[in-house]
Every structure is written in structure tokens, then in C-alpha cells.
Participant: 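Here it is, the structure in full.
The shown structure was predicted, so the numbers you read here are calculated from the model rather than taken from an experiment. So that the names make sense, note that chain A is the first sequence line, chain B the second, and so on, each numbered from 1.
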Amino acid sequence: MRTVLLALALLGAALPAPAAAQTSARRPAARQAPAYPDRLQIRPFVSAGTTWFTASKTFKAVLGSGQGQDFGGGLNLTQGPAWIEVSARRFSKSGERVFVTTGGQVFPLGIDTDITMTPLEVAAGWRFRPLFGARVRPQLGVGYTRLRYEESAAFAQDGDDVNESFNGFHVVGGAEVRLHRWVGVAGEVVWTSVADAIGKGGASQAFDEDNLGGTSLRVKLVIGR
Amino acid sequence: MTPSTRRRPASAILAAGVLALTVAVPSGRQAGIESAARVLLEEAALPGIDRGLAPDIGALDPVDRSSRAALVADASGEPRAVYARGSVIVKFRDDTIAPRQAALAAVGGERLAKPSWADFELMAIPGSADPAAVAAALEGRPDVEYAQPRYRNHAMFTPTDPFYSLQWNFPAIDMERAWDINAGASSNVTVAVLDSGVAFRDSVVRYRGTAFRLEAGGPIYPALGLVDVPFAAAPDLGPAARFVSPRDFVWNDDLPLDLDGHGTHVAGTIGQATNNGIGVAGMAFNVRIMPVKVIDEVWDFIFDSPNFGSDDTVAQGIRYAADNGAHVINMSIGRETGGAAPAIESAVRYAVSKGVFVVISAGNDGNGQNRANRAGDFTGSIDGAVSVGAVGRTLDRAYYSTTGNYVELSAPGGDQRLSGPREGGILQQMVDQDLAITFSQAPALFRAPRFDVFQYYFLQGTSMAAPHVSGFAALLRQQGITNPAAIEAAMKQFATDRGTPGRDDAHGAGLINPRATLRGLGLAR
């Protein structure tokens, strides 16, 4: 929730922009600066976000919550309005193994279990016409997700723990707010699908949930123009 | 080994007199409400003697239990009677007097009495009346919820040949790894053992031994008169502090002493002291044991116990256990004869409603007529109660294990026919059969028993399978699954499929898998 509020606050920071935009609109078109730099820009960033997992019942049963926080970073390459991004994030949380009845009642068994998910994402997209005097840059993109999933628990024997990778895709939309010539903050909504990754065992099978994706709200601190 | 049938001319007159005494015994038992005829002489006695592995258990079960049951119950000479004469179990729909008076008048009943720990009443009827017919007549009355004869229940283990072996049964269900996860539960969990009693304390009890026959036409065993019988706690079963709320519904007191060995053997599989450097292991070796005696054996008969293991006695025991803190009830008892057991079923439903998981052996008639255990064939309709079949060392159904749609799970019960008497049985400690089962000798050698010397015996039967499941249930409860229905669901979900793929009548959902069940589910695996 704090992440959502932060995103809203950042968007709010752009509110004074309309006056500047009007001023800019009155300028002759020939003198108007290009919306985005034509030269290739390489922009590193760090990110923090909250994900509401699609397999919410499963995550809630084992980890006590159907959502979780992740942290990551990557590189954003832009040229004009187009962009390509490579990023990695990491979600890690501890819970306990459970028994789930057919009616969905969950009994925690007191056996520690650790879940770690590391999505590697490659995405491409488009930045739309800036708003509020070029301070707010809306964008949209789609990408490929390679998700590494690790699950380990106490009393595990060979073959009990999980360390596998799965393929998926994601759609991202949001806006970047320029705080400084070289610094921007982006707020994004990311919907990820990693289907058929779970659901063949464990609590996910009990709840008939097979997708390790979810919907994330993410804030990125971007260095670069 | 059957007692000798040789007759001695010189004792003919004496035998006739003793026979008269014998005939007088059953009529007193049928009322089922007399006070106990035994006296506790000493609160303490010498500690039990552990004689190690039994060298020979050939005389382990010399008396066919069904014929013995018939002798106890029979007042009219019918050798196959499976229920008591002189009374029936009846439950009325309300508490008013009028329907009771009308029912008594309609069937020639003499009086009604409500036992403790029961929601039913016992109606005394003439000894000549057929209890089944009276019960049927009562059931036809609109003010009667149910009525049934007082069917007799007995221990479910199959008689065996006596040899030694190892405890293969725990590795067979992966218990070593299960104990890594849950080391024998804790004293927060109580398992009630409804059986022939448990060797749970030291004491000396004075009994009066009556003359008796073990089978119709068999030799008459002389009356022992007053005898002081020593009892001791089984040395490998643990300290006295682990036994809670003992109750004896056969003798109507708080001394559920085991005059047979069956209940002690069963209790051992549930919770035998483990890692103590002696003896054998048990499934849930830290739990508390609640000894509740609900079936009688030969010595109870000889000593003229006021009650016997009828359905009402069993039902009382179930309700008592549920009301006194039991979390799991083990019933390695039952009967293959007679009709349904609504009194027991009602009590089991009551126990489950109180959060108690109930385990009942499936029966040992699989090599005979395959008759269901009527004291447990209803568990399929109760989430939180299970009937348990037995597997041998090969993990396939044991030859004696009764099959049927009511069998829900299976567990090691031994198969000595397939794997041999040493390798095929379930090993636990029980009272030394040579010193306890003295009626296996000829009448001339018959003597008072002692129950303070113990040995380790291999037994087989669904009686031995059920306590594996009860101990398992205790572990699951300790692990966090407290709901009886959920315990049953977890056991079935993780059971290892045996026999025909999927559920089958021999193994139910399969062989219990404690390690997998205790470990439960992760997110993906």
C-alpha cells in the first residue's frame, strides 16, 4: 500500500506541469524540442514493487499472504520513443508447509519453507507523447519472462526441494516522471503470466492454481535522460 | 492349544457340582449392573519383570475367542449366541416416562437402567426372551430411536504361532524419517486405548475365582476361591505419569487392568517408550495413554466380572474417553457376528463431534467368511473415524484382513502365514502368557495367574494395524492438524496406493505414509 501511495505522490508531483505545457504549446512548432532524445540512451535503474500473486490462495496458505515485495534492477535502453529493457527482480519469503483439505481449510504444520522467485525480464515498448511539459512520460510494453523458482523446506530429502525455471510473458504500462535532468522516477503496473509452473503438487494442486505470475505495482528510480 | 477333554471318573461327582456353579455365573452377568467383585489390596507391588523376548508363544491364544464369547453370553445353552440374553440396548427419542412404560409393557420388559457415559438405556427382559426379537419390536415403536441386542465385542488379533522377529513394521511405513519431523508427539496428546485393559500400574487385587468350562463339553476347571493377583506396569510402556483417566467398564471402577495382554500390546504399538535402551519402539512414544477397559477376556470371566464387552460397554467407553480429554481413540476390537451397532456408531459420532479421531480395526475374517466388523463398518460415513485393514511385510493385504467398502486405510498388522512367525508379526511387550494364561494347562495344573511378568510377543491382526494409525493420528495432531476430519483426509491424501489402483476394498485409500503426511504440502511440491 505504501508503494501505491508513493506512486500516487510521484504522479502528483507532476500536477504543476499543465501551466508549463500550455506555455510550451504556444511556442512555434519549429522551435519545439523533440519529445525524446534521438540518440541511444542507456539508463540503469533500481526497482521495488509489490506483487499480488495470481495463485493467491496458494501463496496465502504457505506464506501467509497472497502478495509480496520484490526488489531488482536493470538497464533501460531508449532511442526516441522506443525502448528495450532488461531487468531482474527477486522475491523471497519464508512460510511453513501446510495441509489443505478438499474444502480449502489450511492447517500449518510448523515446517519452515523458503520460497524465492527471480524473474529475468526482457521487454520492449513505446513511450507516448510526454505530458505536463515533458515531465511525465507514459509508456507501454510487453516482454518475455524467465522465472527461476526455488522452494526449500526443512526435512527435505533428495527430490523434495524445487529449483526450476519457467517461461512466461508480461505486459507493462506506466509513466516516468522526470525529477531532474538525469533522474526520473517511474511508476508501473506489470501483469505477468507464468502458466503451468505450479499446480502439479503441493498446495497449488490443492487449490488448482498453476500460475506463478501476478499483478505488480512497481516504482523505479531511473538514472539517465 | 485346546484344553484337554479327558475325563476323570473319580471327579465326576465333583464336576457335576462345579458345573452347577458354572451355570449360575451367566445369569448374574446378564443384568450387567452388579458391583465389582474384586478388591484392591495394595496400591503398589513389586515392579514388573521384563523377561525379554518370549521363547515360545505357542500357547498365546489357546481359546477361540468367539466360542469363549459364546460361553460368557450364553444362558440358554446356545453355543453360537453372540449377544447377551436378559437385556437389550434401547434409546428413546425423548425423556418422558410414558413411552418407557409403554415399551416395557409391550415387550415384557422388567426395568430400565441408564448406564454412565451413555445416551441409551439398558432394558432388562426375561432370560427366555430373544433379545434380537425384542430389539426388533422396540425399533418398530415410534418413540424409540434405536434398539439392539447387547452384541459382544472381542479383541481382533488373529491367533498366531509363537516366534520372534524384529520390528519391520516401522521402517515399512517410513517411520524413521517421520520421527525426524515429529519425534513421537508430546504429552499434550492423549490416546485412549479401548481394549482389554493396559498394564499401566502396580497393584495386588483380590479376586474370587469361579469354576468354569472353556468350551461346551470341555473339562471343568476348579474354582480358585479367593486369590491375590499381582499386577505390574509394563516395564517398557513408560512411567505411571503418562497414564491418564483410567476407567474400567467391565469391572465398573478405575482399574482397567489387563488380564489378557492384548490391550497392552496395542498400547505398545501406539506409544511404547522409545530410545530408552530397552525393548521396542512405538509410533507416538511421548503421548499420554488413557486405558479404558471395554472388553473382557477369560480371566475376567473366571473372576466373574459384572460386565462384559457388549456394545453398550464399548459405547460407554467411547463417550467416557471423549469426555475426559482423549484426542484419539483406538479400538482394536469388534465383532463379526450380529446386526448393526447403532449404540457404538452413535458414540463414535459423539466422539468425533468432540474433536476426537477414532480408529477401529477392520476385522480378521478375510480368510473366512469375510464378515465385516460390525463395531466399525459404519466409519465410511463419518469423517474423522476410520476402519483399518492390515498388510503384511510385503505391504500387501494380510490374508486375514477383512475386505469391504468400509475399509479406509491399511497399516502393518503382520502376515505370519506369508512371512513366517518371527518375521511376519508385530512385536510388542505384553504380560508373560505362560504365567497369565494358566487355563491353557490341563485343569489339574490350573493355577492363579500373575500379571507382573512381561515378555515380547509377535502378534498379527487388524488389532495390530489400528494402533499404527492411532499413533500416526497423534503425531498429526501434534503437528497441527487438530480436526478429526482433516486428519482422516490427510491420511488418505498421502496414503501409498496398494493393490488395485485407486481406492479398493482391501487397502482402502492405501498404506499410511506418516512421513509424507507429516511433512505436508509446500507451494509447488
Participant: Tell me whether B:Arg503 at atom CZ has more than 12 heavy atoms from other residues, nucleotides or ligands lying less than 6.0 Å away.
Facilitator: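 Buried by this count: over 12 neighbours within 6.0 Å.
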
Participant: Is it the backbone or the side chain of B:Thr517 that comes under 4.5 Å from a heavy atom of chain A, or both, or neither?
Facilitator: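 Answer is backbone: N, CA, C or O of B:Thr517 sit under 4.5 Å from chain A.
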
Participant: What part of A:Asp161 gets closer than 4.5 Å to chain B, counting heavy atoms only: side chain, backbone, both or neither?
Facilitator: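 Both parts, heavy atoms under 4.5 Å.
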
Participant: Please classify the contact between B:Asn182 and chain A as side chain, backbone, both or neither, with a heavy-atom cut-off of under 4.5 Å.
Facilitator: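 It is neither, since no heavy atom gets under 4.5 Å.
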
Participant: For A:Phe107 and B:Asn483, work out which heavy atoms get closest and say how close.
Facilitator: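 Taking every non-hydrogen atom into account, CZ-CB, 3.7 Å.
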
Participant: Between A:Phe99 and B:Gln493, is any pair of side-chain heavy atoms under 4.5 Å apart?
Facilitator: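 They are in side-chain contact.
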
Participant: Is there a side-chain contact between B:Leu523 and A:Ile198 in this structure, where contact means two heavy atoms from C-beta onward sitting under 4.5 Å apart?
Facilitator: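 Yes; the side chains approach each other to less than 4.5 Å.
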
Participant: If I measure from the heavy atoms of chain A, does B:Leu476 come under 4.5 Å with its side chain, its backbone, both, or neither?
Facilitator: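 Contact with chain A: none, neither part.
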
Participant: Flag yes if more than 12 heavy atoms outside A:Lys60 fall under 6.0 Å of its NZ atom; otherwise flag no.
Facilitator: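 Open: at most 12 neighbouring heavy atoms sit under 6.0 Å from NZ of A:Lys60.
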
Participant: With side chain to side chain contact (heavy atoms under 4.5 Å, CB included) as the test, pick out the partner of B:Arg525 among A:Lys200, A:Glu164, A:Arg97.
Facilitator: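 Per the side chain to side chain contact (heavy atoms under 4.5 Å, CB included) rule, the option paired with B:Arg525 is A:Glu164, out of A:Lys200, A:Glu164, A:Arg97.
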
Participant: Heavy atoms only, distances under 4.5 angstrom: which of A:Thr101, A:Val100, A:Leu109, A:Val62 has the most pairs with chain B? Name it, please.
Facilitator: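 Heavy-atom pairs under 4.5 Å are most numerous for A:Leu109.
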
Participant: Can you establish whether the number of heavy atoms outside A:Asn163 located under 6.0 Å from its atom CG is more than 12?
Facilitator: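 Yes - once you tally the heavy atoms of other residues, nucleotides and ligands closer than 6.0 Å, there are more than 12.
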
Participant: Could you tell me whether A:Asp112 and B:Arg519 have a side-chain N and a carboxylate O separated by less than 4.0 Å?
Facilitator: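 Salt bridge flag = no for B:Arg519 with A:Asp112.
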
Participant: Looking at A:Ala206 and B:Leu521, what are the two nearest heavy atoms and their distance?
Facilitator: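 The pair with the smallest heavy-atom distance is CB-CD1, 4.4 Å.
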
Participant: Would you mind checking which part of B:Gln478 comes under 4.5 Å of any heavy atom in chain A, side chain (CB onward), backbone (N, CA, C, O), both or neither?
Facilitator: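 No part of B:Gln478 comes within 4.5 Å of chain A.
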
Participant: Is it the case that the side chain of A:Glu151 and the backbone of B:Ala524 share a donor-acceptor pair, with hydrogens and angles ignored and the cut-off at 3.5 Å?
Facilitator: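 Between the backbone of B:Ala524 and the side chain of A:Glu151 there is a qualifying donor-acceptor contact (under 3.5 Å).
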
Participant: Do you know which of A:Ile111, A:Leu212, A:Thr102, A:Leu63 has the most heavy-atom pairs with chain B at a distance under 4.5 angstrom?
Facilitator: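 Looking at each of A:Ile111, A:Leu212, A:Thr102, A:Leu63 in turn, A:Ile111 comes out on top.
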
Participant: Can you name the nearest heavy-atom pair linking B:Ile181 to A:Phe155, along with the distance?
Facilitator: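 Between these two residues, the closest heavy atoms are CG1-CG, 3.6 Å.
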
Participant: Between A:Ala61, A:Ala156, A:Gly103, which residue shows the highest count of heavy-atom pairs closer than 4.5 Å to chain B?
Facilitator: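 It is A:Ala156.
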
Participant: Using non-hydrogen atoms and a 4.5 Å limit, figure out which bit of A:Phe207 sits close to chain B: side chain, backbone, both or neither.
Facilitator: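 Neither part.
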
Participant: Determine whether more than 12 heavy atoms belonging to other residues, nucleotides or ligands lie under 6.0 Å from atom NZ of A:Lys57.
Facilitator: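 Not more than 12 within 6.0 Å, no.
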
Participant: Quick check on the interface: out of A:Gln157, A:Gln205, A:Glu96, who has the most heavy-atom pairs with chain B under 4.5 Å?
Facilitator: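 Top count of heavy-atom pairs under 4.5 Å with chain B: A:Gln157.
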
